Amino acid sequence: MKALVVDGINDYSVQEVGFSEPKTGEVLIKMKATGVCHSDLSIINGTIPMAAPVIVGHEGAGIVESVGENVTNVKPGDHVALTWVPICGECYFCQHQEPYLCSAGSMAMGKQLDGTSRISRGDTPVNVMTLLGAMAEYAVVPSISLVKIEEDIPFAVAAMVGCGVMTGVGAAIKTAEVKPGSTVAVFGCGGVGLSVVQGARLAGAKTIIAVDLSQNKVDLALEFGATHGITSKDAVDEIKKLTGGIGVDYSFEVVGIPALVTAADMSTRRGGTVTVVGVGKLTEFVNINSMMFSLSAKTYKGCFYGNANPAVDFPNLLSLYKQKRLPLDDMITKTYDIDDAPKAFEDMEAGLNARGIIIYD
Ligand SMILES: [Zn+2]
Ligand SMILES: [Zn+2]
C-alpha cells in the first residue's frame, strides 16, 4: 500500500510499504479520508521529534476491514473516525473524567501498544504517528483509538472531527467554556483556529476577533463566524480599541509561538481567560509578567485535544454538522490523492487551505 513516510527532517515521500494483520485488540482500517494537519508538518520538520521512518497522519476516517481478537466495539464494515489519543478507560486520567489525557498510548513511541510495528518497508519496521499512521491506504490501530460513526457522515468530515474540529471547537466550549455574550480573540486562523471561531460562535460569543497575518485566513474566519478580522502586527492595540480599552473575556493562541501567547495575554481583560492551543517548541518558554500574574487575576489554560471525550464528543459534533450548525463541508478547501500528499503540505505551508484532505479510492 501507499503511505506518506518521513525518513528524516523535511525528508518525506509517498512510498510503498507492507502491513500485517491486526493482533489482539487491534483493527485493520481501509482509510477513506485523512486531514492534513499542522501536527503532521511538525513531525516532518522536526518540531515534534519522532524516530524515522514514520508514517504521519492522525486525523482520519475509514471502514473497518478486519478485527483482531478481543475487539468488541467495532466489526468489519463499520464506519469509524480515528482518535489520536486512545481511550483505555482504565488509567488514572480516564477514571477521573479526563480521557483526553489517557496515558495508554504515551509510551508507544511509534509502535503499537504491545511495542511492535504492523507496518514494514522490506525488513525495516516502520513507525506510525500516535498509534495511527493515518496518511496511508490502510492503518492497523488499537480498537480503543476508534469511534464508530453513522454511515451517512462524509468521511472527510469525520476525519476533521477527529482532530482539528474537536480541538478547536473543544477549546472554546470545553476548555475555556466561553459564555454567551462574551468577547473572544483568536490568534491564528488555520484549521484549528477556524474551529475555535466556530466553537465561540456556537457558545454565543457576541464579538469574535480573528487575528492572522494572512488576509486569506482572516477572510475565512469571517465566513465562519468571526465578527472582526485583524491582519496587522498591532493586534493587541486593535483588540483593546474594539473592546472599549478593556480587552477580551477570552483569548486563544492557536499557533504555538511564545510572542503570540504574550499578545493573547495582553489582549485579555483582567479576570479573563487565556487558552493556549498551539504547540510550541520544547526549547521555548512563555513570558507572563510576574506582578501582573497575580494583579490581573486571569486564568491561564492549556488545551490538549479540546478536552475531548471522543466517544461522546465526536457524535455530538457530527450532530451539529447534520443540523447545519457546524458547516464543516466549507472547511474542506481542497482534496488530494495520496500521491499528491507532499503538495498538500506545500499548500498548507502557503496558507492556502482551511483544510486539505487526502481522499482514497
Ligand atoms: Zn491534528
Ligand atoms: Zn486511559
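First listed ligand is number 1; within each ligand, the first listed atom is number 1. These numbers come from a predicted model, not from an experiment.
- Stacking of Lys30 on the aromatic ring of Tyr138 is recorded, both the 6.0 Å distance cut-off and the 45° axial limit being met.
- The backbone N or O of Asp249 sits less than 3.5 Å from a side-chain atom of Thr183, completing a donor-acceptor pair.
- Pairing each heavy atom of Pro22 with each of Leu28, the nearest pair is CG-N, 3.8 Å.
- Centred on the Zn ion (ligand 2), the angle running from Cys94 (SG) to Cys88 (SG) is recorded as 120°, rounding to 10°.
- When all heavy atoms of Ser20 and Val140 are compared, the pair lying nearest together is O-CG2, 3.5 Å.
- Inspection of the environment of the Zn ion (ligand 1) yields the following protein N, O or S atoms under 2.8 Å: Cys37 SG, His58 NE2, Cys163 SG.
- In this structure, Arg355 and Glu59 have side chains that are in contact, with non-hydrogen atoms separated by less than 4.5 Å.
- Note that the CD1 atom of Ile55 and the CG atom of Leu4 stand 8.5 Å from one another [nearest 0.5 Å].
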